[in-house]
Asker: 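If you scroll down you'll find the structure; I have some questions about it.
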Amino acid sequence: MSFEDGAQPEHLMRPTDELSAAQRRELIASMRPEDAEGVPELHEVDVPPELREQIEEAMARYPQLRSAAIPALWAIQRRYGWCTPDGIRQAAAVMGVTPGYLQSVASFYDLFATVPIGRHKVLVCHNISCWMNGADDLLRSFCDATGADHHDADHHGATSPDGEFFVKGFECLGACDIAPMASIDEAYYGPLSGEDALAAVEALRSGAEVLPEKALSKRQAAGGPEPEPDPRIAEVESR
Amino acid sequence: MSAETRLLFRNIDEPGLAGIDTYRRLGGYRALERATGEIEPGDLLESLEGSGLRGRGGAGFSMGKKSSFLPRGEMEKYLCCNADESEPGTFKDRELMQKNPHQLIEGCVIAALAVGATYAFIFIRGEYWEIADLLDRAVAEAHEAGFAGSDVLGSGCRVEIVVHRGAGAYICGEETALLDSLEGKRGNPRLKPPFPAIQGLYGGPTLINNVETLANLPHIVNNGAEWFTQFGSEQSLGTKVVSVSGCVQRPGNYEIELGIPAREIVYGLAGGPPEGRRVKAWFPGGSSAPVLTEAELDLPYTFEAMAEAGSMLGSGAIIVADETVSIPELALRTARFYQHESCGKCTPCREGTNWTVKMLERVANREATPMDLEIISSVQENIIGNCLCVLGDAMAMPVGSMVAKFRSEFDELLERQAVLAA
């Protein structure tokens with residue numbers, strides 16, 4: 001796919017299942033394999049030194065350098081806010097792969113954004129346990145607080161009009177013990193009420209600490225304080 | 001005595017346990033010292049097999065047997081720790097890694113030594129970013145102290161530990177999709193055979209184990225395989241960290257001895273549904289397990305009893321739905337997850353999950369006919385056993401069970417009923 005200087009019309013940069021049949025035809029027509037870029041030469045691409053260092057460090061960590069594809073995409077997303085075509089081209093040059101290859105990897109994974117998204121990322125779990133505990137209302141509260149479109153948020157994620165927030169109904173985040181919960185800028189919080197959503201958004205806007213008392217990192221084991229060990233375990237421990 | 005039996009969760013909330021000093025003070029890394037000193041790798045393998053430890057990720061396959069499938073001799077072999085924990089309802093590995101990362105690291109190094117792997121990759125889901133940071137710190141400490149790296153405790157064995165963050169895909173918990181993802185590709189499952197034990201990561205023999213499975217190894221090495229077999233039932237040895245969630249008063253992780261009645265977990269530990277409500281259905285092992293009914297709470301919580309009841313122990317995640325939950329809606333939520341997560345590589349799963357969601361939406365909107373219910377059931381039957389991996393089956397089994405066991409709730413929503421009611 002050719003991405004030269006915004007050659008890709010913006011209305012085609014939506015997820016493909018959101019496009020109309022006519023738009024899909026337009027998208028397919030815009031993809032010309034003969035124009036696909038090969039491996040970019042490192043001297044032709046302007047790669048920020050820290051980014052290059054991060055990617056090369058990842059390449060050295062694995063027996064085979066392609067394993068650095070996902071770490072490289074994370075580095076791009078961290079730096080530019082999403083997996084930008086320019087960022088992908090820079091990583092491709094460092095790794096010696098085609099930009100198309102990295103693009104195909106990025107588009108597979110839910111956490112990589114291949115279109116621009118809001119600065120603060122709010123993922124609201126809407127899977128079974130959170131749903132049974134009020135996740136739908138929580139997602140709506142986050143949308144109300146940020147101004148993100150609720151329908152889009154529930155499907156592919158939505159960015160608030162001011163570009164500050166990206167809100168998305170997400171599949172099980174692995175924290176059903178604090179249902180209903182959300183991942184806010186990669187930290188987990190729960191159980192959350194509508195007021196908590198409002199408070200979290202306000203804290204993000206003002207730069208204050210987000211819901212310190214709802215952070216997962218502070219949660220103790222559900223079974224409470226350490227019970228007396230089972231005799232079979234206590235016996236070997238005392239050896 | 002508490003209904004909990006804490007082995008992996010022992011001292012779980014001890015301040016500083018995530019750091020190497022506290023972990024060592026409480027006896028940590030003694031097993032690894034033993035494994036590099038007095039025990040031969042062959043004996044290590046034998047001890048794992050003798051313990052009868054079954055995989056804690058979902059399939060419940062014997063850990064020792066899986067390890068023994070790897071060829072012996074000098075070659076590049078790999079260990080992958082599956083920390084992609086994405087099965088809905090499951091959050092045990094998260095707490096194990098967050099609070100006691102060194103227990104996992106010690107288990108990884110022991111497993112790597114047993115099979116002769118030089119690299120141990122911990123594939124952690126990208127959503128667990130804060131926990132991956134914790135793991136990174138713990139791995140650096142372990143390397144620093146010589147418990148991992150180019151020469152583990154002077155044994156001459158090399159075990160490099162690499163924490164690899166995923167990027168959000170349930171399918172990467174499937175072992176061959178995990179390998180593709182780790183190789184830097186889209187996470188599509190591979191056709192088996194060859195199995196990963198023969199040809200896995202980078203084409204080399206690869207052992208793949210769940211976090212909780214590996215976290216058991218230090219205890220087995222320290223106390224012996226025979227000691228381990230006194231916990232649990234005949235075919236389900238050991239303890240299990242069970243994640244209980246949904247309609248319960250005290251959701252969370254509880255470590256129990258396998259074989260206690262499920263009711264004791266749901267009611268005794270997790271407090272059961274809110275006052276005045278009853279359990280309607282429960283998933284015994286994550287959302288991929290067929291649902292069971294209230295009466296089946298009296299079964300012992302073991303691999304074999306759950307299988308006999310037509311379900312599975314899976315990842316040990318119990319999700320409870322009480323009588324306020326609509327089963328057709330639960331079925332729809334369940335199916336939507338698998339529709340979203342299907343990688344699209346093979347047809348029965350890609351199309352089957354999609355059409356199941358469409359039909360369940362018709363049911364929810366009171367637009368379905370009785371024939372739709374028959375089609376839902378037949379679609380599930382046509383998915384099971386016909387896919388590259390078990391993701392399709394993982395939707396077909398629970399959805400099929402909900403239609404079969406709670407048929408009347410679906411019937412009530414049929415179009416004809418809606419017309420009659422009007």
Side-chain angles (χ1 to χ4, degrees), chain A residues 61-74 77 95 97 101 104-112 123 126-133 170-179 183 186-188 216-217 219-233 236-237 239, chain B residues 1-2 4-7 9-13 27 76 85-86 88-91 94-95 98 119 125-130 162 164-170 181-187 202 222-223 227 230-231 243 245-247 250-254 269 287 319 321 325 330 333-334 337 340-341:
Chain A
R61 255 200 319 265
Y62 300 91
Q64 292 190 9
L65 66 89
R66 280 206 177 197
S67 284
I70 289 177
L73 289 164
W74 273 121
Q77 182 149 309
M95 288 183 64
V97 298
Y101 176 77
S104 82
V105 173
S107 67
F108 185 86
Y109 297 96
D110 284 344
L111 292 177
F112 289 139
L123 310 178
H126 63 190
N127 207 281
I128 302 172
S129 289
C130 282
W131 161 66
M132 292 195 287
N133 284 288
F170 213 79
E171 293 303 348
C172 189
L173 285 159
C176 322
D177 47 345
I178 52 168
S183 161
E186 284 154 0
Y188 282 14
L216 173 74
S217 52
R219 193 176 150 86
Q220 304 277 299
E226 194 70 18
E228 277 298 302
D230 184 285
R232 296 165 294 179
I233 295 167
V236 294
E237 271 183 358
R239 275 207 307 252
Chain B
M1 204 181 77
S2 159
E4 268 196 280
T5 305
R6 291 194 187 176
L7 178 63
F9 258 32
R10 183 102 182 90
N11 301 314
I12 192 81
D13 281 322
E76 288 297 330
E85 186 166 66
S86 309
T90 316
F91 45 89
R94 188 204 75 212
E95 194 157 7
Q98 179 197 341
Y119 272 91
R125 64 181 300 191
E127 292 87 346
Y128 285 174
W129 196 274
E130 26 175 7
V162 179
H164 179 90
R165 292 159 166 82
Y170 170 69
S181 183
L182 193 47
E183 288 179 2
K185 302 173 186 155
R186 294 163 67 88
Y202 311 126
N222 262 336
N223 306 310
W227 167 83
Q230 55 176 330
F231 296 95
S243 305
S245 70
C247 306
R250 291 188 297 274
N253 285 313
Y254 298 94
L269 291 168
S287 71
I319 311 173
V325 176
L330 178 63
R333 286 278 162 166
T334 308
F337 170 76
H340 178 84
E341 299 295 344

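Every chain is numbered from 1 and lettered A, B, ... according to where its sequence line falls, protein lines coming before strand lines. Side chains included, hydrogens not; waters and symmetry mates left out as well; all remaining heavy atoms used.
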Asker: If I measure from the heavy atoms of chain A, does B:E95 come under 4.5 Å with its side chain, its backbone, both, or neither?
Answerer: side chain
Asker: Restricting to side-chain hydrogen bond (donor to acceptor under 3.5 Å, both in side chains), what partner residues turn up for A:E226, sequence neighbours left out?
Answerer: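 A:E226 satisfies side-chain hydrogen bond (donor to acceptor under 3.5 Å, both in side chains) with B:R6, B:R10 only.
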Asker: Calculate, to the nearest 0.5 Å, the distance between atoms OH and OH belonging to B:Y128 and A:Y188 respectively.
Answerer: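 Reported to 0.5 Å precision, the distance equals 5.5 Å.
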Asker: Is B:F337 close to chain A through its backbone or its side chain, or both, or neither, when contacts mean heavy atoms under 4.5 Å?
Answerer: both
Asker: Quick check: closest heavy atoms across A:C176 and B:P251, and the distance to 0.1 Å?
Answerer: O-CB, 4.4 Å
Asker: Closest approach of B:A169 and A:F108, non-hydrogen atoms and distance?
Answerer: CB-CE2, 4.1 Å
Asker: Which atom names give the shortest non-hydrogen contact between A:Y109 and B:A167, and what distance separates them?
Answerer: CB-O, 3.2 Å
Asker: Do the side chain of A:W131 and the main chain of B:L330 share a donor and acceptor less than 3.5 angstrom apart?
Answerer: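 No, A:W131 side chain to B:L330 backbone: no donor-acceptor pair under 3.5 Å.
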Asker: For the residue pair B:I319 and A:S129, what are the closest heavy atoms and their distance?
Answerer: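 Smallest interatomic distance, heavy atoms only, reads CG2-OG, 3.4 Å.
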Asker: Is it the backbone or the side chain of B:E76 that comes under 4.5 Å from a heavy atom of chain A, or both, or neither?
Answerer: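 B:E76 has no heavy atom closer than 4.5 Å to chain A.
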Asker: Shorter than 4.5 Å, heavy atoms on both sides: which option in B:E341, B:R250, B:E130, B:H340 has the most such pairs with chain A?
Answerer: B:E130
Asker: Determine yes or no for a side-chain-to-main-chain donor-acceptor pair under 3.5 angstrom, with B:R186 supplying the side chain and A:S107 the backbone.
Answerer: no
Asker: Which one of A:L73, A:V97, A:L216 has the most heavy-atom pairs closer than 4.5 Å to chain B?
Answerer: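 Looking at each of A:L73, A:V97, A:L216 in turn, A:L216 comes out on top.
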Asker: Calculate, to the nearest 0.5 Å, the distance between atoms CD1 and OG1 belonging to A:I233 and B:T5 respectively.
Answerer: 6.5 Å
Asker: Pick whichever of A:S217, A:P71, A:S104 has the most heavy-atom pairs under 4.5 Å with chain B.
Answerer: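 Max contact count across the listed options: A:S104.
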Asker: Judged by atom type as modelled, is there a donor-acceptor pair below 3.5 Å linking the side chain of A:R61 to the main-chain atoms of B:V162?
Answerer: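 No: the side chain of A:R61 does not pair with the backbone of B:V162.
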Asker: Keeping the roles fixed (side chain from B:R94, backbone from A:G174), state whether a donor-acceptor pair exists under 3.5 Å.
Answerer: yes
Asker: Under a 3.5 Å distance rule, please check whether B:S245 uses its side chain to pair with a backbone N or O of A:D177 as donor and acceptor.
Answerer: no
Asker: Between B:G187, B:A321, B:S287, B:S243, which shows the greatest number of heavy-atom pairs under 4.5 Å with chain A?
Answerer: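 Max contact count across the listed options: B:G187.
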Asker: Within this structure, what is the CG-CZ distance for the pair B:N223 and A:R232, rounded to the nearest 0.5 Å?
Answerer: 12.0 Å
Asker: Please answer whether the main-chain N or O of B:D13 pairs with a side-chain N or O of A:Q220 as donor and acceptor at a distance below 3.5 Å.
Answerer: no
Asker: Among A:Q64, A:R66, A:H126, who wins on heavy-atom pairs under 4.5 Å with chain B?
Answerer: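 So the answer, after comparing A:Q64, A:R66, A:H126, is A:Q64.
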Asker: How close do A:C172 and B:S86 get, heavy atom to heavy atom, and via which atoms?
Answerer: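 Closest approach of A:C172 to B:S86: CB-O, 4.4 Å.
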Asker: Testing the basics here: between B:E4 and A:G223, what is the closest heavy-atom pair and its distance to 0.1 Å?
Answerer: OE1-CA, 3.3 Å
Asker: Is it the backbone or the side chain of A:A187 that comes under 4.5 Å from a heavy atom of chain B, or both, or neither?
Answerer: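 Both the backbone and the side chain of A:A187 come within 4.5 Å of chain B.
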Asker: Counting distance only, does the side-chain N/O of A:W74 pair as donor-acceptor with the main-chain N or O of B:G166 below 3.5 Å?
Answerer: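 Confirmed, A:W74 side chain pairs with B:G166 backbone.
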Asker: Tell me, side chain or backbone of B:Q98 under 4.5 Å from chain A's heavy atoms, or both, or neither?
Answerer: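 Side chain only.
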Asker: Heavy atoms, side chains only, cut-off 4.5 Å: are A:I70 and B:R165 in contact?
Answerer: no
Asker: Which atoms of A:L173 are under 4.5 Å from chain B, going by heavy atoms: the side chain, the backbone, both sets, or neither?
Answerer: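 Answer is both: backbone and side chain atoms of A:L173 are under 4.5 Å from chain B.
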